[in-house]
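Scroll down for the structure; my scribbles are underneath it.
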Amino acid sequence: MIPTSDGPAVVPSQVIRDIEELREEIRRHDQLYYTLDRPEISDTEYDRLFRRLEELEAQYPQVISPDSPTQRVGGKPLEKFEEHKHAMPMMSLSNAFDEPELYEFDARIGRALGRSNQIEYVIEPKLDGVAIELVYENGLLAIASTRGDGYTGEDVTSNIRTVKAIPLRLRAAGIFTNAPVIDVRGEVFMLRDEFARLNAARDEEGLPPFANPRNATAGSVRQLDPRTTAKRPLKFFAYGVGRVEAPLPEGQWDLLHGLHDLGLPVNLANSRLCRHTQDRTSIEVALEHFRQLEKIRHDLPYEIDGAVVKVNSLEAQTILGVKTRSPRWAVAFKFEPVQAITRILRIEIGVGRTGALTPVAVMEPVSVGGVTISRATLHNQDEIDRKDVREGDTVVIQRAGDVIPEVVSVVKDRRPDNGKPYTIPDECPVCGSHAVRPEGQVAKRCVNVSCPARLKETIRHFAARDAMDIEGLGVKLVEQLVDRNLVKDAADLYYLDEQTLAGLERMASKSASNLLDAIYGSRSVRVDRFLFALGIPLVGEHVARVLIEEFGDLDALTSAAPEELREVRGIGPEVAQSVANFFREPRNGEMIRRLLAAGIKPAPLEPVSPGPETPFSGKTVLFTGSISISRADAKKAVERLGGKVAGSVSRNTDYVVAGEDPGSKLDKAKDLGVVVLSESEFREMAGL
DNA sequence: CGACCTCGAGGTCA
DNA sequence: CTCGAGGTCG
């Protein structure tokens, strides 16, 4: 028998039972997965259940009901969204940006209720997503709408039905059991890694990426074709109610549990009921939880921009009432923004030691993560083109890894009409020489080897702590020395005298003699440091050491042919060529001769005695976060004990030492299963 | 070619 | 302290 479009006239009652059982089973697993975060079956098993239900329903279409799990994606694309008037207005929240504002909120509540410090609060993470209201009638999802202006939003039911975390039918459990009508409010959002995957997929299809998970969510919710929304990985957390035709519980905390009992996902794991204790008021308890959230925010799979603090008692909420746009009984306590919007005043060009021209955006100062930012690197031309950054642009900036400011994106609709694409100039802004970008490289470089900008950087590098370690020779001083032609290469430093220095700013006799002492003292330097100090391109601390270990001293190295250099483990053609070129250049040879003539006596490397076995012998260690001793000292300690210090985590890393405020390296270390040490554990192992 | 590492460049604050 | 570029190794 071939089923007609209406299916067989009679549906066997066994089939009806099977279908209902399957639906219930699927709903149960949806709830286990989304609401309880405790899946019992694999995705494959789930898919099998789902397909079986689909097959049965295809065979007997007349039994399909709108609350069936198969009916999430329904209908055809909409022309536009209908309006939906909220039964009770969806208010926004007033913000508190710092502790005093939060305490003020608490004080206001205390005054209004006339019993200070006894008020219970509920604190919940504030997700960065899109607020949605779900109207359930007799347990079935009837309407889903956006917040809109608070009174009227858009009816996005067909889209929201595709969000698996949102039940189409509520469970009959808990305080709200069988409420004829309940308006549930919550946040639709996207997980960070799913957002990243979505953007990667868009990139492959040549579509522009979404700026952040929030935008991606908002875009997904406002799709006219629900089939598109269905493909977006949306999640949901419920946090409150509007109209409820059922008795209300005493407080917000019970309310959250009531929603959870209905089968709705609620972020209970990161919410707290805050009661005052003997030594702390309830707002202090809330604040403590807020600090906790701030600490773990980057470990959460979704983005939060703060926390919401609500007076727990619903009765008290009623007494407190509302202001025009926001309730008086709740406040959004925001984290320091890690991103900010500002304007690029101009783009400056920096010239580095290697002659690289680096564009830097000079911006209107703005506070990001508690620090005022006014400059951010734009890296290179490719980066500028990719983001299409122009002078005068309004941009979103953030601190990469919470440290180095970077331009995230341009706010295109705020671009001035006269904005022109930016190109790094073809002349060095410092010496006017030609600047070229060699084939296959990203950087444009000034070709003039004695460009003053390059010279300054070279001297600074020479004097740096890890190199010759000349204390007192800072940027300002180098600037003056070079500009007045007192120093034309590193060797000139050793021929300075007090009289010459006396003419400089901030250089009275005391500082002058200190500086001369420092320069004089630097003459006994370990030979690998000396080599590093010369600033040969591609020769950093590590390569310098490797080369010295191989050749023993400078003499042997200066006369080495590129082929000999290549023999060395870790030295490839590029480095070999760069080293050979440097020593072949007569002026460099002359400079080295003058340095040695000035009395520099490069000390040989201490022979690497095997030494006693230590906890760090042959181990690679990495530091993240701040520790109470300096990084340099920590590094020395590890090296003294026969270990190596790395800059980035890889499978070869043996230990990661995590100090205060560890960075992303800690996450990566955990991912790779690297042993993580606390500072005290490290100190103990190192015998510090 | 991918994995891993080093170099070099960037910014602010105490 | 982090990132991208670029270098080296297997």
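Every chain is numbered from 1 and lettered A, B, ... according to where its sequence line falls, protein lines coming before strand lines.
With distances taken from any side-chain atom of Thr358(A) to the nucleotides dG7(C), dG10(B), dC9(C), the minimum falls on dG10(B). Nearest nucleotide to the side chain of Arg375(A), out of dT12(B), dG10(B), dG7(C): dT12(B). Closest approach to the Glu574(A) side chain among dG11(B), dT8(C), dG6(C) is made by dT8(C) (side chain taken as heavy atoms from C-beta onward). Side-chain atoms of Leu538(A) lie closest to dG7(C) of the nucleotides dG7(C), dA5(C), dA9(B). Out of dG10(C), dA5(C), dG6(C), the shortest distance to the side chain of Gln441(A) is found at dG6(C). The side chain of Asn380(A) has dA5(C) as its nearest neighbour among dA5(C), dT12(B), dG8(B). Taking only side-chain atoms of Thr354(A), from C-beta outward, the nucleotide of dC13(B), dA9(B), dA5(C) with the closest atom is dA9(B). The listed nucleotides are dT6(B), dG10(C), dG11(B); the one nearest the side chain of Arg569(A) is dG10(C).
Looking at Asn581(A) and Glu585(A), their side chains never bring a donor and an acceptor atom within 3.5 Å of each other. At a cut-off of 3.5 Å, with distance as the only test, no side-chain donor of Thr394(A) or Arg415(A) sits close to an acceptor on the other residue.
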Nucleotide N/O of nucleotides 1-3 of chain B paired with protein N/O under 3.5 Å:
none

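Nearest-nucleotide positions on DNA chain C for Ala443(A) and Phe623(A) put Phe623(A) closer to the 5' end.
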Dot-bracket for DNA chain B, please, read 5' to 3', with Watson-Crick or G-U wobble pairs under 3.5 Å on both distances, ( ) within the strand, [ ] crossing, | other strand, . unpaired.
||||||||||....
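Dashed line: the shortest gap from a side-chain N or O of Arg386(A) to OP1 or OP2 of dG4(C) is not under 4.0 Å. Proximity of Ser374(A) to the phosphate of dG11(B): no side-chain N or O atom is located under 4.0 Å from OP1 or OP2.
In this structure, the ring-ring contact (aromatic ring centres under 6.0 Å, His included) partners of Phe682(A), at least two apart in sequence or on a different chain, are Phe616(A), Phe623(A). Take Arg584(A) and apply the salt bridge (Lys or Arg N to Asp or Glu O under 4.0 Å) test, not counting sequence neighbours, and it matches no residue. With sequence neighbours left out, Asp426(A) forms a side chain to side chain donor-acceptor pair (under 3.5 Å) with Lys444(A). With sequence neighbours left out, the ring-ring contact (aromatic ring centres under 6.0 Å, His included) criterion links His461(A) to Phe532(A). For the side chain to side chain donor-acceptor pair (under 3.5 Å) test, no residue two or more places apart in sequence or in another chain qualifies with Arg192(A).
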List the atom pairs, donor and acceptor, that lie under 3.5 Å between side-chain atoms in residues 562-578 of chain A and the rest of the protein, sequence neighbours left out.
residue	atom	partner	partner atom	Å
Glu564(A)	OE2	Ala561(A)	N	3.1
Ser578(A)	OG	Pro537(A)	O	2.6

Distance-only criterion, 3.5 Å: show the donor-acceptor pairs between side-chain atoms of residues 345-352 of chain A and protein atoms not counting sequence neighbours.
residue	atom	partner	partner atom	Å
Arg346(A)	NE	Glu348(A)	OE2	3.3
Arg346(A)	NH2	Glu348(A)	OE2	2.9
Glu348(A)	OE1	Arg375(A)	NH1	3.3

